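Values in this document were obtained by computation on a predicted structure and should not be read as measured data.
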Amino acid sequence: MNRDSDGEPPADRESPVGEPVIRRDPRVAGDSAVQFDPDDPESLADAADTVRRFATNTVGSEDNVYMLRGAAACAALVRGTGSYKAAAERADGEATISFIRKWARVHDLPRSIRRHVALGEIAPTAAKHIARVSGESRYLLAWAALDHDLTVREVRSIASRVNGGATVEDALAAEGIDLGVLSVSIPPDTYRELRRHAALEEVDPGDIVAEALEEYL
């Protein structure tokens, strides 16, 4: 599996479900993380039970870790049974094929995005729509959701436009949002020098920041 310079799998990877990477972080869930192993019959039965209960209790939940646990259970059940249809049949009850597909995709979001979901900074219901788009668009939509405090409705609308063929930039513009606009705070001395250099070089401060960040990243 290819990874970027920070060790994170690419945006369209299928993550392992045997170990709860985000949910085991003490800052997120402490010791409450649950592991699902799609190759272990007993663990798969636990996943099916979790999916069954999760399908009847998602609306209005404020427990983001609970939602990620449900997403992990959906992903494990799909991989353990071999298909969305078989997973839905195994879970039975309210868990439909569509439900399991949507939440399994949330589990397959990159770790950097799922961390913001676990911390409550991206709503799990918004993450479902971020997971509908593919590739680098997932990152762009997720970061825009964070930086502009997008509602679930706005994220859903943007994801639909992207899947309809629009770029993320154009889809955001339709909601009145400029991609890449970020408010940051810097120390006064750095701010003074940034403004001074920008004035002397007759460039926008953002150009200097962007160039410095490109070198850093």
Side-chain angles (χ1 to χ4, degrees), residues 2-15 22 58-62 64 67-68 71 98-99 101-187 190-191 193-217:
N2 295 328
R3 294 175 181 268
D4 62 20
S5 59
D6 294 320
E8 183 174 16
D12 289 320
R13 99 302 187 231
E14 289 194 358
S15 68
I22 297 297
T58 59
V59 178
S61 174
E62 296 180 356
N64 293 332
M67 305 290 265
L68 286 178
S98 176
F99 176 89
R101 180 188 295 114
K102 288 177 182 178
W103 286 105
R105 286 175 178 171
V106 169
H107 178 77
D108 286 335
L109 283 170
R111 186 170 68 241
S112 56
I113 297 176
R114 285 184 291 123
R115 177 170 295 279
H116 286 289
V117 178
L119 294 173
E121 296 164 348
I122 295 178
T125 45
K128 282 198 303 181
H129 297 295
I130 293 171
R132 288 168 49 204
V133 302
S134 60
E136 299 304 312
S137 294
R138 289 180 162 186
Y139 288 114
L140 294 175
L141 181 51
W143 306 153
L146 284 172
D147 295 333
H148 299 280
D149 197 24
L150 299 182
T151 65
V152 174
R153 184 201 64 77
E154 289 171 329
V155 173
R156 180 180 67 237
S157 176
I158 293 165
S160 295
R161 287 193 178 96
V162 172
N163 284 333
T167 65
V168 176
E169 184 174 10
D170 288 342
L172 286 167
E175 296 287 339
I177 297 164
D178 291 329
L179 180 63
V181 174
L182 175 67
S183 176
V184 297
S185 297
I186 57 178
T190 305
Y191 174 72
E193 289 303 301
L194 171 63
R195 277 297 188 181
R196 186 173 71 85
H197 280 282
L200 292 175
E201 296 172 19
E202 298 183 356
V203 298
D204 189 277
D207 293 338
I208 296 177
V209 173
E211 183 177 350
L213 283 174
E214 286 176 1
E215 292 181 6
Y216 176 80
L217 297 175

Novice: List the atom of P205, the atom of L194, and the distance in Å for their closest heavy-atom pair.
Specialist: O-CD1, 3.9 Å
Novice: Begin with the C-alpha distance, continue with both residues' side-chain angles, and end with the deciding distance and a verdict on side-chain hydrogen bond (donor to acceptor under 3.5 Å, both in side chains) for S157 and R161.
Specialist: CA-CA 6 Å; S157 176; R161 287 193 178 96; 2.9 Å; yes
Novice: Counting only N and O atoms by type, is there a donor-acceptor contact under 3.5 Å from the side chain of E215 to the main-chain atoms of A212?
Specialist: no
Novice: Atom CD of residue position E169 - does it have more than 12 heavy atoms of other residues, nucleotides or ligands inside 6.0 Å?
Specialist: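 Count not over threshold, so no.
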Novice: Is it the case that the side chain of N64 and the backbone of L119 share a donor-acceptor pair, with hydrogens and angles ignored and the cut-off at 3.5 Å?
Specialist: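 Checked: no pair found.
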Novice: Other residues, nucleotides and ligands only: do more than 12 of their heavy atoms fall within 6.0 Å of CD on E193?
Specialist: yes
Novice: With rounding to the nearest 0.5 Å, note down the distance linking CG in D108 to CZ in R114.
Specialist: 8.0 Å
Novice: Looking at CZ of R105 and CZ of R132, how far apart are the two atoms once the value is rounded to the nearest 0.5 Å?
Specialist: 9.0 Å
Novice: To the nearest 0.5 Å, what is the distance between CG on L200 and CZ on R195?
Specialist: 13.0 Å
Novice: Tell me, please, which residues at least two apart from H116 pass ring pair (Phe, Tyr, Trp, His ring centres under 6.0 Å).
Specialist: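 Listed in chain order: W143.
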Novice: How far apart are the closest heavy atoms of V152 and A123, and which atoms are they?
Specialist: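 It is CG2-CB, 4.3 Å.
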Novice: Which heavy atom of V155 sits nearest a heavy atom of A145, and at what distance?
Specialist: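 Scanning both residues completely, I find the closest heavy atoms to be CG2-CB, 4.2 Å.
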Novice: Testing the basics here: between A71 and H107, what is the closest heavy-atom pair and its distance to 0.1 Å?
Specialist: O-CB, 3.6 Å
Novice: Please determine whether side chain to side chain contact (heavy atoms under 4.5 Å, CB included) holds for the pair S112 and Y139, giving the CA-CA distance in whole Å, both sets of side-chain angles, and the decisive distance to 0.1 Å.
Specialist: CA-CA 9 Å; S112 56; Y139 288 114; 3.5 Å; yes
Novice: So among V106, I158, L109, which one has a side-chain contact (heavy atoms from CB on, under 4.5 Å) with I130?
Specialist: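 Single side-chain contact (heavy atoms from CB on, under 4.5 Å) partner of I130 among V106, I158, L109: L109.
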Novice: Passes side-chain hydrogen bond (donor to acceptor under 3.5 Å, both in side chains), N163 versus S160? Steps please.
Specialist: CA-CA 5 Å; N163 284 333; S160 295; over 6 Å; no
Novice: Determine whether a donor-acceptor pair (N or O, by modelled atom type, separation under 3.5 Å) exists between the side chain of R138 and the backbone of V133.
Specialist: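 Yes; judged by distance alone, with no hydrogens or angles, the pair exists.
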Novice: Do the side chains of R196 and E201 get close enough for a salt bridge, i.e. N-O under 4.0 angstrom?
Specialist: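 Here R196 does not pair with E201 in a salt bridge, since their nearest N and O are not under 4.0 Å apart.
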Novice: Take E175 and H148, measure what side chain to side chain contact (heavy atoms under 4.5 Å, CB included) needs, and give me the verdict at the end.
Specialist: CA-CA 11 Å; E175 296 287 339; H148 299 280; over 6 Å; no
Novice: Does the side chain to side chain contact (heavy atoms under 4.5 Å, CB included) test come out yes or no for D147 and V181, once each step is laid out?
Specialist: CA-CA 8 Å; D147 295 333; V181 174; over 6 Å; no
Novice: Would you give the length of the straight line joining atom CD of E154 to atom CG of D149, rounded to the nearest 0.5 angstrom?
Specialist: 8.5 Å
Novice: For residues D170 and T167, report the shortest heavy-atom separation together with the two atoms involved.
Specialist: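 Looks like N-OG1, 3.0 Å.
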Novice: Apply side chain to side chain contact (heavy atoms under 4.5 Å, CB included) to V162 and L141, showing your working.
Specialist: CA-CA 10 Å; V162 172; L141 181 51; 5.9 Å; no
